[in-house]
Amino acid sequence: MLVPAAAVAGTSPTAQWQELAACRRVAVSSAAKPALRVAISTGDVSGDMHAARVVTALFERAEELGVRLEVVALAGERTAAAGATLIGDNTGLSSIGLLEAVPFVIPSLKLQ
């Protein structure tokens, strides 16, 4: 049984996320069924925060249903701490405005 991260006293929120993600990986990866694969792509830090919550909910639901789940993401450390496998960290590539985004075109293409 998994313990909610909020129940782990005396540790930082990041450490709580990492501990919870590790528990989920073990619990879900031990199942013999084929894995359901999900890919998530975020565009900035706030997207990473939302994706982390989505990944957490996906793993909780997968555990309830007895489904093996694999999540890969183009996101940041919060999403990775929630249990996703990062295929690239794009949190430093966000901008607001058309001209402001120009310097990030080549680094974004390199991630793909």
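- Nearest heavy-atom pair across Ala80 and Leu86 is CB-CG, 3.7 Å.
- Residues forming a side chain to side chain contact (heavy atoms under 4.5 Å, CB included) with Ile40 (at least two apart in sequence, or on another chain): Val38, Thr42, Ala51, Val54, Val55, Val71, Ala73.
- The minimum heavy-atom distance between Arg78 and Ala52, with the atom names listed, is O-CB, 3.5 Å.
- Considering every non-hydrogen atom in both Asp48 and Glu77, the closest pair reads OD2-N, 3.7 Å.
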query: Could you walk me through whether Arg61 and Glu63 pass the salt bridge (Lys or Arg N to Asp or Glu O under 4.0 Å) check?
result: CA-CA 5 Å; Arg61 189 67 176 145; Glu63 185 178 0; over 6 Å; no
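- Atom OG1 of residue Thr79 and atom NE2 of residue His50 lie 10.5 Å apart, to the nearest 0.5 angstrom.
- For Ser41, there are no side chain to side chain donor-acceptor pair (under 3.5 Å) partners, not counting sequence neighbours.
- A pairwise comparison of heavy atoms in Val72 and Ile87 identifies CB-CG2, 4.2 Å as the closest pair.
- Distance check, rounded to the nearest 0.5 Å: CG of Asp44 to CE of Met49 gives 10.0 Å.
- Of the inter-residue distances, the one linking Phe59 atom CZ with Glu64 atom CD reads 14.0 Å to the nearest 0.5 angstrom.
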